[in-house]
Amino acid sequence: MIPTRLRALFVSVLSLSTCGAMATPTLDASIRERAETLVRNGQHASLVIAVIDSKDSAVYGFGRARDNDSYQPDADTIYELGFVSKTFTALLLADAVVTGKVRLEQPVSELLPGYTIPEFGDKKITLRSLATHFSGLPVLPDNLHSANPLDPFTDYDEAQLRTFLAGYALTRKPGKEFKFSMLGYGLLGTALGTQAKMSYEDLLRARITGPLDMPSTTTIPSPEMRERMAHGHLDNGVPVPIWDFRALEGAGAVLSSGRDMIRYLHSYMQPAGEAQKLALRPQQVLGGEGHDPRARTLGLAWTFERVNGQNYAWHNGMSGGYTSFVGFSLDGKRGVVVMSGTSREVQSLGQAVLWQGQLPPLPLPAPLPREIAIAPADLVQYAGQYALGASVILNVRQGPNGLLAGILESGTTEPGEALMFASAQDTFFSRMTGGHLVFQRDAEGSIIGLVLHQHGIAKFARRQF
């Protein structure tokens, strides 16, 4: 952890009561203590916890929002929401359905006539299957790669999206099996914008953030908004920029503040609008091997759980330098938003706030990787080229100071590289990107590939030589 992250604690509280009586919701002492510990120990650079109790609300800030000054996070501090953005894309879909512009069972190909959308036999990908992760599409397109590992989507444009979809063959029938897909939500956002003849940002403003008076919620922050943004960090404390999602913005591009997110949750809670009601309607039941046993039902983006007799809706999110959690009780009485300036999970913290201490004690955060020494002669075995996709090669070589890894760029001989540090035999991590590599061996002990773990995604790459 870098020294600037080990700093004194700052806490701010802002009441946002929406009624005459100022009945400020309070945080349970154990939650406050955990939040204070997380920022004091440098596990999170900053945290904002917004609590809704019926019509009353409050925002609690912990830590420092920026590395270079004492700016305390508050109700107007802006964070990247990451995959919580999918709830906005799903609400745009629900809004288009209730206003008669689209149908849930409508094939996405009808909204994107310039695209070649993969099919499985005569089964087409529908808007509903995209919004519930039952489309059959992969997590990410295999032609996605960026020269900047800290901003992995910034080079991925609409032309590349079209190329991938035109050449991709579905391996399962749409609607048959749950498979989380950032690609699917990116495609859904593109389809809805195309149908409305607007950019995703303009559609978001016209149908959600404008009507709900959410001026600090956007995909394109103004200079003034950037002044209010919390700095983002990898889980090892390295500062990183916000992500530019470009063609996949429907999956994770939304930025917002505690104040705006309270208004957003209120639109579902007190009382829900017609589009919100549709977004909260159960669409798929999850179950079977490989699924989270606590996640039983999916709406449009939202996960529904029943805890101690109470029904809840929630969603979490993570990007390169931020994490978030939003949730509320379906009776409209309790809601929570947690946003962090570090890419470490906050779901357990958010659920404990939402369920008011009904969960077991929160687990301690996982320790940061510790470097172990590996002799230079032993690093030679890992050198090689590993195929992450049809045209994406991860080059691993031995450098003067240790193992180096980077994506090979077309037309160049030297890749942009990150120094990798060993944390265990066959396991290396990067202090720059936050990713780590786990090398895979066959029965004879030869290295045949590696698994790249980055931004919550694991991807196997077979060794080419």
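Annotation for S340 and V346: closest pair CB-CG1, 3.9 Å, computed over non-hydrogen atoms. Closest heavy-atom contact between L170 and P118: CD1-O, 3.8 Å. A pairwise comparison of heavy atoms in P138 and K179 identifies CA-CE, 3.9 Å as the closest pair. Among all heavy-atom pairs drawn from L404 and G399, the shortest one is CD1-CA, 3.8 Å. In terms of heavy atoms, G335 sits closest to M269 at N-CE, 3.9 Å. When all heavy atoms are compared, the tightest approach of P215 to D260 is N-OD2, 3.3 Å.
Between N395 and Y386, the side chains place no donor N or O within less than 3.5 Å of an acceptor N or O (distance only, hydrogens not considered). Residues S129 and S135 have side chains that never bring a donor and an acceptor to within less than 3.5 angstrom of each other. Donor-acceptor pairing under 3.5 Å is recorded for the side chains of E201 and T218. No donor-acceptor contact under 3.5 angstrom links the side chains of T303 and Y312, judged on distance only. Side-chain atoms of E80 and W243 form no donor-acceptor pair, as typed in the model, at a separation below 3.5 Å. Residues R228 and S257 have side chains that never bring a donor and an acceptor to within less than 3.5 angstrom of each other. In the model, T190 has no side-chain atom that pairs as donor or acceptor with a side-chain atom of Y115 under 3.5 Å. Side-chain contact check for S329 and Q310: no donor-acceptor pair (N or O, by modelled atom type) lies under 3.5 Å.
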For Q381 and R441, run side-chain hydrogen bond (donor to acceptor under 3.5 Å, both in side chains): C-alpha distance rounded to whole Å, both residues' side-chain angles, the deciding distance at 0.1 Å, then the answer.
CA-CA 11 Å; Q381 62 183 313; R441 298 179 183 269; 2.8 Å; yes
Go through the steps to decide whether F460 and L450 satisfy the test side chain to side chain contact (heavy atoms under 4.5 Å, CB included), and finish with yes or no.
CA-CA 6 Å; F460 177 73; L450 60 81; over 6 Å; no
Please report the C-alpha distance between R128 and Q283 in whole Å, then the side-chain angles of each, then the deciding distance to 0.1 Å, and finally whether the side-chain hydrogen bond (donor to acceptor under 3.5 Å, both in side chains) criterion is met.
CA-CA 8 Å; R128 187 170 85 98; Q283 301 288 337; 3.3 Å; yes
Stepwise salt bridge (charged side-chain N to carboxylate O under 4.0 Å, His left out) check, E158 with R162
CA-CA 6 Å; E158 187 178 353; R162 291 183 190 224; 3.0 Å; yes
Take V326 and L81 through the side chain to side chain contact (heavy atoms under 4.5 Å, CB included) test and state the conclusion after the steps.
CA-CA 10 Å; V326 296; L81 294 179; 5.8 Å; no
Could you check Y264 against T87 for side-chain hydrogen bond (donor to acceptor under 3.5 Å, both in side chains), going step by step and ending with a plain yes or no?
CA-CA 10 Å; Y264 182 62; T87 68; 2.9 Å; yes
Do R463 and I447 pass the side chain to side chain contact (heavy atoms under 4.5 Å, CB included) test, and can you show the C-alpha distance, the side-chain angles, and the key distance before you say yes or no?
CA-CA 8 Å; R463 190 175 194 173; I447 294 175; 3.4 Å; yes
Could you please spell out the steps behind the side chain to side chain contact (heavy atoms under 4.5 Å, CB included) verdict for T163 and L161?
CA-CA 5 Å; T163 298; L161 177 60; over 6 Å; no
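Heavy atoms of other residues, nucleotides or ligands lying less than 6.0 angstrom from NZ of K101 number more than 12. Within 6.0 Å of atom CZ in R462, 12 or fewer heavy atoms from other residues, nucleotides or ligands are found, so the atom counts as exposed in its surroundings.
Salt bridge status for D235 with R344: absent, with no side-chain N to carboxylate O gap under 4.0 Å. Using a 4.0 Å cut-off between charged nitrogen and carboxylate oxygen, E110 and R103 count as a salt-bridge pair.
Taking 4.5 Å as the limit, every side-chain heavy atom of T126 sits out of range of all side-chain heavy atoms of L104. Side-chain contact between P239 and D67 is present, with at least one heavy-atom pair separated by less than 4.5 Å. Using a 4.5 Å heavy-atom threshold, the side chains of K86 and L188 count as separate. Residues Y382 and D426 are in side-chain contact: their nearest non-hydrogen atoms beyond the backbone lie under 4.5 Å apart. Side-chain contact check for M225 versus L255: every heavy-atom pair is 4.5 Å or farther apart. Here the side chains of D442 and I448 are in contact, with some heavy-atom distance below 4.5 Å. Counting heavy atoms from C-beta on, the side chains of Y200 and V254 come closer than 4.5 Å. At least one side-chain heavy atom of V102 sits less than 4.5 Å from a side-chain heavy atom of L127.
Separation of the F88 and Y185 ring centroids does not fall under the 6.0 Å cut-off. Here the two rings, on F439 and F428, have centers that are under 6.0 Å apart. Aromatic pair Y268/F328: ring centres closer than 6.0 Å.
Atoms CG and OH, from L137 and Y168 in turn, are 6.5 Å apart once rounded to the nearest 0.5 Å. The distance from atom CG of D378 to atom CD of Q398, rounded to the nearest 0.5 Å, is 9.5 Å. Separation of atoms CG (L165) and OG1 (T116) is listed at 8.5 Å; rounding is to 0.5 Å. Atoms CD1 and CZ, on I78 and R226 in that order, are 10.0 Å from each other to the nearest 0.5 Å. Between atom CZ of residue F134 and atom CD of residue Q284 there is a gap of 4.0 Å, rounded to the nearest 0.5 Å. The OG atom of S324 sits 9.0 Å away from the NE2 atom of H315 when rounded to the nearest 0.5 Å.
Distance alone, capped at 3.5 Å, is enough to place a donor-acceptor pair between the T99 side chain and the D95 backbone. Remark: the backbone N or O of G250 is paired with a side-chain donor or acceptor of T89 at under 3.5 angstrom. Q347 places no side-chain N or O within donor-acceptor distance of the main-chain N or O of G350, the cut-off being under 3.5 Å. Judged by distance alone, the side chain of H44 and the main-chain N or O of L38 form no donor-acceptor pair under 3.5 Å. Here the side chain of T323 pairs a donor or acceptor atom with the backbone of T342 at under 3.5 angstrom. The main-chain N or O of H436 is never found under 3.5 Å from a side-chain atom of H453 such that the two would form a donor-acceptor pair. Checked by atom type and distance alone, the side chain of N143 pairs as donor or acceptor with a backbone atom of Q160 at under 3.5 Å.
F429 and F421 have tilted rings, their planes meeting at an angle from 30° to 60° on a 0 to 90° scale.
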